[in-house]
Amino acid sequence: MPKLSIDGTEVEVADGTTVLRACEQAGVEIPRFCFHERLSIAGNCRMCLVEQVGVPKPVASCAMPVTEGMQILTQSERVQAAREGVMEFLLVNHPLDCPICDQGGECDLQDQALYYGRVRSRFREAKRAVSDKDFGPLVKTVMTRCIHCTRCVRFMDEVAGVPELGTMGRGEDMEIVAALEGCLHSELAGNVVDLCPVGALTSKPYAFAARPWELSHTESVDVLDGAGSAIRIDARDGRVLRVLPRVNEDINEEWIGDRSRHAVDGLAVRRLDQPWLRRNGAFEPVSWDAALAAVATALQDAAPARTAALAGDLVGLEGMAALADLMRARGVASVDCRQDGGAVGAGVPASWRFNATIAGIDRADAVLLVGTNPRREAPVINARIRRRWRATGIPIARIGPAIDLTYPVTELGDGPDALAELARGTHPFVAALGQARYPLIVVGSGALARADGAVILGLARQVAEAADAARADWNGFSVLQRCAARAGGLELGMVPAEGGLDSRGMVSAANEGGLDFLYLLGADEIDPEAFRDTFTVYQGHHADRGARRADVLLPAAAYTEQEATYVNTEGRPQRARPAHPPPGGARPDWKIPVALAARMGSPLPYDSLAGLWRRIEAAHPHLAEIGQLPPPAPLTSFGDAGGELDGAPFTEVVPDYYRTCPISRASATMAACARAVADA
């Protein structure tokens with residue numbers, strides 16, 4: 001490990017460390033624009049210049065590796081003059097429009113010009129102007145501000161895997177351009193706004209909405225996919241204006257998907273903010289007392305065997321636990337959290353978790369994707385797989401429809417027959433899995449929602465066992481849940497009891513007149529027409545699909561308006577925090593079943609959020625460890641490997657990435673993105 005001197009202090013660093021990194025380890029701040037920890041080194045901006053004793057010119061610290069005995073000065077007169085000169089050049093053509101720039105208050109150029117720039121410029125030449133580019137509905141461009149750091153270019157090429165941005169021209173004529181203007185075809189494209197150190201790329205939906213010091217900031221967790229990315233919610237006057245990623249190295253690093261970032265405008269429209277009751281075929285607004293009375297009467301009149309409850313994809317643990325307790329107190333066996341009819345059951349956590357963990361992808365040396373498209377189901381996980389491929393070139397194979405995942409894959413077939421061959425050991429890819437020390441088998445939750453889902457689950461388990469992917473130090477069998485609530489519902493055991501109906505059984509029973517009462521807790525991804533003759537209660541925050549045939553609508557809070565716990569696809573519990581109160585008379589999810597039970601004269605054993613948490617933690621202690629991974633689950637026998645496959649090919653379960661839930665379907669921004677992609 002080489003030793004060097006930084007401003008007179010001796011520092012020892014690892015081999016291959018750059019001078020900039022060494023300075024950071026020594027606690028010395030080095031200004032930079034083009035350098036980013038997760039991107040390749042470009043050395044464009046020269047703002048990171050430092051003085052190396054014995055070298056006649058300043059050196060770019062971001063690109064200079066440390067050598068033994070090197071002496072670095074970061075505050076000398078030569079360094080200060082170099083930084084002032086670089087800043088002077090950067091501002092030659094930069095427009096003086098800080099008062100109207102959305103980057104104001106969060107601009108690296110502003111900050112560094114203050115601390116490292118000259119008092120005045122010596123240039124009097126006319127500033128150049130650059131035409132703005134069309135990067136689609138999410139990214140607004142003011143390219144005259146661009147300082148050519150190429151962070152956006154490198155991100156799209158290296159992380160997103162969609163190399164649609166590049167540079168054209170040289171010197172004064174250099175510009176950042178898109179291969180095809182109109183849309184950036186990546187589910188991660190919005191991250192270029194965070195990367196841009198100036199105001200050249202800003203958020204188009206957020207344009208001129210607010211200044212950063214006007215916003216309240218709430219640390220929370222994303223629920224629009226199953227990854228559970230760390231986010232920050234920025235709100236003002238009771239409305240969410242934007243969502244930004246927070247750094248979480250174990251899950252999303254510092255990226256989030258475009259839907260998670262920009263669907264928030266859907267939180268303000270099509271909201272349920274008061275109870276509604278259907279009378280004579282039309283909805284009428286009613287009081288909470290009248291709505292709960294109607295629900296209580298219908299629930300008490302219905303026989304437990306003809307009563308069911310179904311939880312949706314955006315519901316936290318608290319709401320599901322309260323509803324499950326209400327139904328169990330009534331003797332109802334037909335409760336389910338699997339709207340899609342997935343074959344995964346409660347009791348065997350390894351059968352529904354991403355057991356390898358998201359960070360564990362960095363160890364994988366062979367990947368098999370079964371009936372999943374991680375690019376649309378969980379873009380940050382797909383980016384992690386791509387990063388692993390870029391670093392090591394690991395073999396990646398897929399069973400499913402041929403879709404660009406941003407990295408090369410070996411196509412094994414589009415149906416489950418190839419999986420059966422792998423389980424029998426007759427497929428050529430068995431050799432690649434067998435040679436791998438850390439094989440990763442990723443099964444999509446959509447693949448398990450087929451009629452033969454239990455068979456697919458069992459075959460995938462057999463493949464993992466044959467590849468020695470289930471050991472004490474590594475469990476490569478991983479199910480990618482695409483819904484935020486699914487893993488949590490399974491952890492709680494919100495599946496039918498003996499003799500109960502699952503979601504498919506509920507639909508069949510309703511069509512045959514065998515269901516009298518149905519409680520939909522934010523369940524919108526199920527055909528409402530099946531329940532046209534069933535008394536249906538819909539509790540949710542948007543008037544979406546689940547509300548179409550409902551008899552009573554109970555307004556609930558969205559994930560940005562209540563404190564709730566979500567379990568991501570790894571089984572990691574995380575806490576969502578309220579950024580502002582819910583609108584109108586909407587209530588947190590857990591309060592409504594509690595109030596309904598009290599109305600029926602059989603109150604639940606808690607009436608506060610703290611009491612509900614104690615009940616959940618007593619039954620499931622690991623759910624109290626917020627932010628921590630659960631204990632490893634053994635890969636015991638599950639699934640039905642000996643069953644019959646139907647032979648139909650796997651299909652795309654997320655055909656439209658931008659509209660997958662009530663919030664995103666209500667979002668005008670997501671609708672614009674869907675149109676832009678369709679027109680491209």
Side-chain angles (χ1 to χ4, degrees), residues 1-76 78-79 82-83 86 108 112 116 149-151 154-155 157-159 191 194-195 197 230 245-255 356-366 380 383-394 407 436-438 440 473-474 629:
M1 298 175 67
K3 295 182 180 179
L4 74 158
S5 170
I6 299 176
D7 293 336
T9 302
E10 189 174 87
V11 179
E12 186 176 11
V13 297
D15 291 332
T17 302
T18 62
V19 172
L20 188 149
R21 289 287 200 174
C23 291
E24 287 182 338
Q25 293 179 28
V28 177
E29 180 182 359
I30 302 295
R32 82 291 298 268
F33 290 114
C34 68
F35 177 81
H36 191 276
E37 293 82 354
R38 304 185 197 279
L39 303 177
S40 61
I41 295 173
N44 293 339
C45 70
R46 320 308 286 182
M47 193 65 200
C48 65
L49 293 175
V50 296
E51 181 179 355
Q52 180 180 352
V53 176
V55 176
K57 295 182 179 180
V59 298
S61 60
C62 70
M64 176 64 69
V66 168
T67 58
E68 181 67 34
M70 178 182 282
Q71 298 182 50
I72 298 297
L73 302 177
T74 67
Q75 303 297 329
S76 66
R78 176 182 290 182
V79 171
R83 290 173 178 172
V86 169
D108 291 347
Q112 295 187 36
Y116 304 107
C149 71
T150 69
R151 281 187 180 183
R154 285 174 285 148
F155 173 83
D157 184 31
E158 299 165 11
V159 179
N191 290 284
D194 297 337
L195 288 171
R246 289 188 293 119
V247 175
N248 188 328
E249 299 293 350
D250 292 332
I251 300 178
N252 60 303
E253 300 178 283
E254 60 183 85
W255 321 122
T357 73
I358 297 173
I361 294 172
D362 297 340
R363 300 169 64 193
D365 47 10
V380 295
R384 201 131 193 171
I385 297 174
R386 172 177 167 78
R387 188 181 70 178
R388 182 60 175 165
W389 166 78
R390 277 175 49 85
T392 62
I394 60 173
Y407 42 82
R437 178 167 174 76
Y438 300 105
L440 174 61
D473 65 328
W474 174 255
L629 286 171

Calculate, to the nearest 0.5 Å, the distance between atoms [atom1] and [atom2] belonging to [X] and [Y] respectively.
X	Y	atom1	atom2	value
I394	Y407	CD1	OH	9.0 Å
I72	T9	CD1	OG1	13.0 Å
H36	T150	NE2	OG1	12.5 Å
M70	S5	CE	OG	11.0 Å
F35	M47	CZ	CE	15.5 Å
E68	E12	CD	CD	8.5 Å

Smallest separation among heavy atoms of [X] and [Y], with atom names:
X	Y	answer
S76	E51	OG-OE1, 2.6 Å
A22	V13	CB-CG1, 3.9 Å
A82	P58	CB-CG, 4.2 Å
I30	C23	CG1-CB, 3.7 Å
C62	T18	O-CG2, 3.5 Å
D250	I358	O-CB, 3.6 Å

Short side-chain to backbone donor-acceptor contact, [X] and [Y], under 3.5 Å:
X	Y	result
R154	S40	yes
N252	A230	yes
R386	E158	yes
R363	Y438	no

Kindly indicate whether the side chain of [X], heavy atoms from C-beta on, has any atom under 4.5 Å from the side chain of [Y].
X	Y	answer
D365	T392	no
Q112	R83	no
V50	V59	yes
V159	R38	no
E254	N191	no
V28	D7	yes
S61	C48	yes
L195	W255	yes

Electrostatic pair R32-D108, nearest N-O below 4.0 angstrom =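 Here R32 does not pair with D108 in a salt bridge, since their nearest N and O are not under 4.0 Å apart.
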Determine, stepwise, if the pair I361 / L440 fulfils side chain to side chain contact (heavy atoms under 4.5 Å, CB included).
-> CA-CA 8 Å; I361 294 172; L440 174 61; 4.1 Å; yes
Kindly indicate, with the supporting measurements, whether the criterion side chain to side chain contact (heavy atoms under 4.5 Å, CB included) is fulfilled by R384 and D362.
-> CA-CA 7 Å; R384 201 131 193 171; D362 297 340; 3.2 Å; yes
Using the side chain to side chain contact (heavy atoms under 4.5 Å, CB included) rule, take V19 and Q52 through it: C-alpha gap first, then chi angles, then the decisive distance, then the call.
-> CA-CA 10 Å; V19 172; Q52 180 180 352; over 6 Å; no
